[in-house]
Amino acid sequence: MTDTTSGTDEGQVSTSRRIAAIVEPAIEWLIRLCGFSAIFFVFGIFFFVFSSGADFIMNRLDVVEFMTSPEWYPTSVSNKRYGTLALVAGTLSVTTLAMMIAVPFGLGTAVFISEFCDGPFKEALKIIVEFLAAIPSVVWGFIGLAIMNPVIIDVFNAPIGLNVLNGGVILGLMSVPIIVSIGEDALKAVPDTYREASLALGATKWQTVYKVLFPAARSGLLAAVLLGVGRAIGETIAVLMATGHAVQIPNSPLDSVRTLTATIAAELGETAQGGDHYQALFAIGVLLFIFTFAVNLTADLLVRGIKNK
Amino acid sequence: MSRGETEHTDFSATPMTEASHSRQKIARAFLGIATALLLLPLFAIIGLLVTHGMSAITAEFLLEAPTAGMTAGGIYPAIIGTLWLIGVSLAVAAPIGIMAGIYLNEYAPENWVTRMINLAIVNLAGVPSIVHALFGVGAFVLFLGLGTSILSASLTLAVMTLPVIIASTKEALASVPVAFRHASWTLGASRWQTIWHIVLPNSVSGILTGVILQVSRAAGETAPIMFTGAAFYLPFLPQSVQDQCMALSMHLFTVSTQVPNVPEAFPYATALVLLTLVVTFNFFSIGLRTYLRARRKW
Amino acid sequence: MSDLAKKKIEVSGLSVSYGGVTALDSISLDVYEHEILSIIGPANAGKTTFLNCINRMIDSIPDARVQGTVKIDGDDVRQVRDVNALRRRIGMVFPLPVGLPMSIYDNVAYAPRMAGKTDKTRLDELVERCLRQSALFDEVKDRMGDLGTKLSGGQQQRLTIARALSMEPEILCLDEFSIAVDPVTTMRIEEVLKELRKEVTIVLVTNLVQQAKRLADRTALFLDGKLIELDSNEIIFSRRTADQRTFQYVQGLFG
């Protein structure tokens, strides 16, 4: 074909292409670098949290005591003890109660939104769930403190309303949105042909849900629950404000507890930087990191399992 | 077939299917109630915050510094501090997160390295906020020597918000059909030209939605800023990113747990202001999303 | 085609596999300048893969393995430094029309702009010429600002052709362009192609045997990634085919 471009145009072309030939690789290089940032930060987090407590963890930490003793007395003058069992029990008790609330409500809502709602009503419900997710944890904590606390004292005749029950309910409500949204995704991923086949065989919608959709979306729903658990374990400020400050293994939902996360938040400000107590808090951080890493890894493998199916 | 229209199709109702249909009705009612019970607290919370806090929200409360050991005055420095933290963390997280999203959706080959990156993003999103705080103390406050400052706190928040910005950017980019990219490449446009002229213009609102949602999340966080830059009480405004600042979330924590004799309405009012800020960002992002769906170009 | 005609594309020993599955099996053929070569064959015969090798779009398929050579004007396309410059020489039209999400004008002006040609009056001329060449200009001249994606399927396909022509390519490849287009538009595009062959070399992959018969100078039959037969239309569409399968395919006995 004939070339209609004149000399000056050619000149322009080559200049702009020459600039592009320098700029584009630079941008692409930067993009690649940013692409790897997540790996960099995950390692960075582990490295800095571990190394800030490394001296204590490697040299003076009694791992058996750390994992199995319920005695957390980091400020004791005569006999400092760094057992996290009571804190782990605090975390687990609050998380368990939270999940007892969040799993049925979360999955129920996910099913309701995904299978029984349509059109603008469905959209409205999803938006409301998003708003629920948007409430900051410190506001939840304040609700536990200012609203739930007196209610629990009244209803259960408890001496204090800041306890496992309070923290569990708050944390349950906080975990619901993530369970709803991931659970709904998992249900959405089940092909419509499954539903149609089941309905064509005369099954009702509800039968379709529990006989066809639940088995088909099983791993996705499990992932939703696990991510909810991860969120609950990691939550800090809300449980710090709502569960009281008693380092103990709880006997009833009305006992106050202290979780792993709350312990760090409550004590880090009062410790001497670099001291054993300070470093022990970073050791708890390492523990939490590994905990949540395992939970999220499992959830991710489950989610990926669905996608590959 | 839409899922809503299937009930009319049964012609003969045997006793068996009648039983299962009433079960279906019960199940549906139960699920509906569960959903309603869940949404109730949301409205209850907003209602309680408004009724208890509204009386304290005055021009003085919004525009003056706290006085008398935080038992009087307002929350102005906390509002401004929160805006600083949002702004700086966003300035760091948004470019990195968006570029990482571009890398993963447009450049990354399908191999184990990419798999590792995706895994890292999932895990970064799951790291507890207090562990982010420890990282912020170890990396920014101490190792980089930034001290407790707006910069340290914002960087900590940035790392925390990064995974969701990456994920939502990826999703927004993936919504642009692959066929557009192929068409562009066959016309001799380079990869970057294709991204800049075709992909980004058609996904920018989706990307912004994700970024705004993260802003609202950053605004509400307390744990990551507690030890990295947020001050309990600092009745003047920060002058640079090297200063500490107050923050709404931190202020709510402080007045509701640490300070005696605070007027009852103060924490409610603070929570209300914080919630309003967060909800505004959310509304904005939802509005943007709806708007964008309406004017899709294909 | 006379033996004196210049070879525009020379393909020799071209094999492609996707993750171990063979898509093309040592294809060797030449395309002469200013001819219309059509490639026919059933689905999965490797026709699209063949086109993807010419403009190296095959590079963007992660698990594709390519062996053999494709030369354009004697230069191996896989040795080309600037793949984008190569692609500018080759217009490509896909089975399903893809209007880019921008105005009709911008669709046609896209490729020249990306190549750095931004002179407004020249672009205006170019856009009009390409749209006329693809028989679309009269239908869209009053609404050049409308979205290309909102045109009808047939119009979008002609827009795609106009866009392919906007780089003034030496080679035009069309991949089953009439799949999403009504018969009237198909006939119009065929007229356009007959005009264009004066200036460009055309490789026409088609699922319509009659289209190959109407348009092409020579026709090749692909089956399961292999080149079964390539000859002038006189031979291919007669009883004198070298391979029995060609005759059967043309007669519609399988495919």
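Below, chain A is the first sequence line, B the second, and so on; all start at residue 1. Only a predicted model underlies this, so the values are computations on that prediction, with no experimental measurement involved.
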For [X], is it the side chain, the backbone, both or neither that has a heavy atom under 4.5 Å from a heavy atom of chain B?
X: A:Ile143; answer: side chain
X: A:Leu132; answer: both
X: A:Ile45; answer: both
X: A:Ile113; answer: neither
X: A:Ile237; answer: side chain
X: A:Phe116; answer: both
X: A:Ile284; answer: neither
X: A:Ser37; answer: side chain
X: A:Glu123; answer: side chain
X: A:Val49; answer: side chain

Between [X] and chain A, which part of the residue has a heavy atom less than 4.5 Å away: side chain, backbone, both or neither?
X: B:Ile117; answer: both
X: B:Ile26; answer: neither
X: B:Met116; answer: both
X: B:Val159; answer: side chain
X: B:Ile121; answer: both
X: B:His52; answer: neither
X: B:Tyr268; answer: both
X: B:Leu124; answer: both
X: B:Ile96; answer: both
X: B:Leu49; answer: side chain
X: B:Pro41; answer: side chain

Top residue by heavy-atom pair count (under 4.5 Å) with chain A, among [options]?
options: B:Val279, B:Leu162, B:Val127, B:Ile98; value: B:Val279
options: B:Val137, B:Leu134, B:Thr257; value: B:Leu134
options: B:Gly220, B:Ser190, B:Gly136, B:Ala120; value: B:Ala120
options: B:Gln193, B:Met250, B:Arg217, B:Glu221; value: B:Gln193
options: B:Phe227, B:Phe43, B:Phe281; value: B:Phe227
options: B:Leu104, B:Leu274, B:Thr290; value: B:Leu274

Just by modelled atom types, is the [Y] backbone N or O under 3.5 Å from a matching donor or acceptor in the [X] side chain?
X: B:Thr82; Y: B:Leu248; answer: yes
X: A:Gln279; Y: A:Gly274; answer: yes
X: B:Asn282; Y: B:Val278; answer: yes
X: A:Thr236; Y: B:Ala223; answer: no
X: A:Thr292; Y: A:Gly230; answer: no
X: A:Thr261; Y: A:Glu235; answer: yes
X: B:Ser216; Y: B:Leu213; answer: yes

Give the member of A:Val111, A:Ile135, A:Val209, A:Leu260 that has the highest number of heavy-atom pairs under 4.5 Å with chain B. A:Ile135
Picking from A:Ile233, A:Leu268, A:Leu281, A:Val180, which has the most non-hydrogen pairs under 4.5 angstrom with chain B? A:Leu268
Closer than 4.0 angstrom, basic N to acidic O: yes or no for A:Lys126 and A:Glu184? yes
Carboxylate-amine/guanidinium proximity below 4.0 Å for A:Arg195 and A:Glu115: yes
side-chain contact (heavy atoms from CB on, under 4.5 Å) for A:Ser114 and A:Lys188? Distances and angles first, verdict last. CA-CA 7 Å; A:Ser114 162; A:Lys188 217 175 2 185; 5.5 Å; no
Got more than 12 heavy atoms from elsewhere within 6.0 Å of CZ, B:Phe283? no
Is the CZ atom of B:Phe143 crowded by more than 12 outside heavy atoms at less than 6.0 Å? no
Regarding A:Ser198 and A:Gln207, do their side chains bring together a donor and an acceptor under 3.5 Å, going by distance alone? no
Given side-chain contact (heavy atoms from CB on, under 4.5 Å), test A:Trp140 with A:Met241 step by step and report yes or no. CA-CA 9 Å; A:Trp140 282 114; A:Met241 293 165 81; over 6 Å; no
Quick one: list whatever passes side chain to side chain contact (heavy atoms under 4.5 Å, CB included) with B:Ala139, sequence neighbours left out. A:Phe48, B:Phe135
For the aromatic rings, using the six-membered ring if either is Trp, is the centroid distance between A:Phe289 and A:Phe50 under 6.0 Å? no
Start with the C-alpha gap between B:Tyr103 and B:Tyr107, add the side-chain angles, then the distance that decides, and say whether side-chain contact (heavy atoms from CB on, under 4.5 Å) holds. CA-CA 5 Å; B:Tyr103 174 74; B:Tyr107 288 95; 3.7 Å; yes
